[in-house]
*Asks:* 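Structure below; questions to follow.
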Amino acid sequence: MTITASSAAAAPTGTAQGGAALGALDTVATLEAFADTMVPGEKRHRHDRAVAGAAPGPGAVHAGAVTLLQLPELGVGVLLPELAALLNTEATAWALARGHVLLPSQPPFVALDFEDRTHLAGKLLSSAGLHQKVYVLLALFSAAAFDTAAHLHTTDALDKRHPGLTWLRFPAPGTDGFWRYPTYSYGKRLAHEHPHTTAGGHPA
Amino acid sequence: MSVTERTDVLVVGSGFGGSIPAYHLAAGGARVVVLERGPRLGSRDFAHDQRIGSYTRIVDLVQGDGITVVAGNCVGGSSVVYFAASLRAPSFVFERQGSLGHRLWPNALTRSTLDPWYDRVEETLPVAQQRWDQVPYPGGLFAAACERAGRTCNPVPVAVDLARCTNCNWMLNGCHFDAKRSMLLNYLPAATAAGAEVRALHEVQTIAPATSPGYRYRVAYTVLDPDDYRLSQGAGAVEAKVVVLAGGAMGTPVLLQRSAALLGGIPRAVGRYFSGNGDRVSIADVDEGKVGELLGLESSPGTPYEGFPVGKPIGSMSYDRLDADAEEFTRFSLQQIYFPGITNILAQATDRPESSWFGVEKKELRSRWRSWLSVLAMTEDDNEGRFGLPPATGSFTRVASSVGLSTLRYRPTANTLRGWKAADEEARAVLERDGLARVRPWSEVVGSLSAHPLSSCRMGDDPATSALDDRNELRGHPGLFVTDGAAVPTSLCVNPSLTIAALAERASRHIVEGAAESGVDVRYGAPAPDGSTAGRRGVLKLLNHR
Ligand SMILES: Cc1cc2nc3c(=O)[nH]c(=O)nc-3n(C[C@H](O)[C@H](O)[C@H](O)COP(=O)(O)OP(=O)(O)OC[C@H]3O[C@@H](n4cnc5c(N)ncnc54)[C@H](O)[C@@H]3O)c2cc1C
């Protein structure tokens, strides 16, 4: 029998097994754990459970995944507790099937270790189940927080050295907030063109 | 309360398919109303911004079953958000048979009969042939890799004013500098100047027979809330003598399906034979050291490439596998393309099937983002997509800002898969040679992804497999025309906008005739929107020889 959760609790309190009602903090922790599975990062503090600490540097959580999910314009805020509950139900089933004991001090998905989170997320995202599209959206938004800082204006995000954009080495705009590349080309012919090209540059 | 108005011609949608007939009919003297679901924005509104709420106002991600489609949602349609690669379809495409075993395009259409119509479009949307010194770094890198692998590569013709273009690579957001020649800069303003009325945030829901004498169709719409497209602010109806459907290949068939009973039945082919243009995207993780060593390139002193975010999204392209003599389903083009960060998630990092596109290695791959190169293969798919029962309103069910769920189901056949495999192999042969890069097709967790939806209400000669005749009229419904991507019979092996536009130019003559027969005082023969007449002379010659 493997024990996958230590009793060292992070900020979230309360328990959430199966589809039981989640506290707001449990919802946040569960969504964080999912986002961290998509783009993993360093633990924020010693007792961080939601962020598994599987990779050096910032991850989706540091990049603002939960803030993005709660953005009114996104229109998914009301679904989040339900989504977190779904994830936790799946996590409980996953652990039970493998004989893992999940300590009740954490929401079940948070209590899974990184490898289990990865396998479970992979299963949820790829199996043609009822909720697959919803999990895909959750994955997409988690990544969008990292890759595009989708909850911030891009120029502000760059000013604040947003962790995801910094990781990508996203280029900086001009002083007016627009991008321009006066030098952008190698400036020379790099291949022979297809012999059957029309005068306008189209295939024949 | 709903008000019924009357007009001569009602156009649904304002992309390539809608703007072009709207212009010709209005310029010819007809009263034209265009109803467009999306908002009206202009260059000053198009910010360089990835925040939700900026570009997501004008572009939708529509999830089907086995395919996800990206499409524009604004006045100007997808032309506002597209990447402006403007290509004529190769001649063999018009001869395609697919797995049905007979020619799928109407006999009246070949590359040479369409060429004068392509000319007409290019007169209005000047298509620039990029010179090599105007091809941005990613296109240059792809070209150099092709050359080294013994292939050819071409600069891509683009509907961009190259003198105004700043190579910012923000085309998905709409062009802030008015360099991209979207419909907002030519056909639409010309249509408006000729008296056409374009109404934004008007989503058409049904088409039914009109009740007023002399009018044929009654088109019902809802007015959408500008801050939340899921909400409606009112409703109305317009009666028209002629209706032109141009809601795009994701919109038109759904509208017709919902109207089927009202219209007393629709052709069997409506909502079937959808094609994603055989789109197949791969990411190459390029080794900067090898770029320097093998290709001798330098984008800035000491840096061979790191140019992924720079330029116009589409720069160069290989026509090598567009061989007319090759077997069907083995031909494709390979095009260098840039996608904004929102699609980064789809790049695969490992071979582990379950988690190849997320997790630790994927994050590692992101650290080399500036060294990515992506390629789009446009292959010969098998028109295997099909729409299910329509949702209560709209073209799909909106679940979040700019995200929708469609009933479209797409299961690639063995033929399509064969084309994708051939394209993947060719991308590897070019880009993985001597370890230049590592190529990985996008994850298929969302199914395939297409920005080029086509064929869901297609033209043809065979009523069993085509919804429209060769004049773009819906079979059995006089005065009801379809002129958008839905009408294009097959995938094209190149980007489709120029072909959609050329077919819409060609159909405009027939729609004018249809309108005149319905009693509208309208004539065909408008010059190009800027007054040029060379294109008109070209096609009139053709029409007179019929
Ligand atoms: C990101 C992106 C990049 C692209 N890049 C290229 C490229 O480089 N080259 C190329 O050739 N093609 C490109 N394309 C594809 C090209 O833009 C489309 O093929 C083309 O615009 C389709 O024209 P259309 O008239 O069929 O539909 P659209 O241009 O999509 O217009 C349809 C319009 O109808 C409206 N509509 C839909 N339903 C309704 C309704 N019920 N009531 C009222 N209005 C409705 C929609 O909001 C939309 O504005 C790209 C597309 C995208 C999304």
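A note on names: the letters A, B, ... follow the listed sequences, proteins ahead of strands, and every chain is numbered from 1.
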*Asks:* Given the rule in the side chain to side chain donor-acceptor pair (under 3.5 Å) test, do H194(A) and N154(B) qualify, once you have shown the distances and angles that lead to the verdict?
*Replies:* CA-CA 7 Å; H194(A) 195 274; N154(B) 286 49; over 6 Å; no

*Asks:* Check each atom of L405(B) against the heavy atoms of chain A and say whether the ones under 4.5 Å are side chain, backbone, both or neither.
*Replies:*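 The side chain, not the backbone.
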
*Asks:* Taking the six-membered ring of W132(B), is the NZ or CZ of K188(A) close enough (under 6.0 Å from the centre) and on axis enough (within 45°)?
*Replies:*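 Geometry flag: not set, cation outside 6.0 Å or 45°.
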
*Asks:* Quick one: does R366(B)'s side chain get under 4.5 Å of W167(A)'s, heavy atoms only?
*Replies:*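 Yes, close enough: below the 4.5 Å cut-off.
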
*Asks:* Sort out for me which of A400(B), C153(B), S356(B), G311(B) touches chain A most, counting heavy-atom pairs under 4.5 Å.
*Replies:*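 Ranked by contacts with chain A, first place is C153(B).
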
*Asks:* Is it the side chain or the backbone of S86(B) that comes within 4.5 Å of chain A heavy atoms, both, or neither?
*Replies:*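 When you check distances to chain A, only backbone atoms of S86(B) fall under 4.5 Å.
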
*Asks:* At a heavy-atom separation under 4.5 Å, does F308(B) approach chain A through its side chain, its backbone, both, or neither?
*Replies:*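 Contact with chain A involves no heavy atom of F308(B) at all.
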
*Asks:* Applying side-chain contact (heavy atoms from CB on, under 4.5 Å) between V399(B) and each of V134(A), L137(A), L79(A), report the one that passes.
*Replies:*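 One option only clears the test, and that one is L137(A).
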
*Asks:* Restricting to non-hydrogen atoms, name the atom on V310(B) and the atom on T183(A) that form the minimum distance, rounded to 0.1 Å.
*Replies:*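 Closest approach of V310(B) to T183(A): CG1-O, 4.4 Å.
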
*Asks:* Compute the ring centroids of Y184(A) and Y137(B), then answer whether they are less than 6.0 Å apart.
*Replies:*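 Y184(A) vs Y137(B): aromatic centres not under 6.0 Å.
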
*Asks:* Given heavy-atom pairs under 4.5 angstrom as the criterion, report whether the side chain, backbone, both or neither of L498(B) touches chain A.
*Replies:*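 The side chain, not the backbone.
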
*Asks:* Output the option from A145(B), P157(B), G307(B) having the highest count of non-hydrogen pairs under 4.5 Å with chain A.
*Replies:*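 If we count pairs closer than 4.5 Å to chain A, P157(B) comes out on top.
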
*Asks:* Which bit of K362(B) is near chain A, if near means a heavy-atom gap under 4.5 Å: side chain, backbone, both or neither?
*Replies:*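 Answer is neither: K362(B) stays 4.5 Å or more from chain A.
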
*Asks:* Determine whether the aromatic ring centres of residues W170(B) and F178(A) are separated by less than 6.0 angstrom.
*Replies:*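 That pair fails the under 6.0 Å test.
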
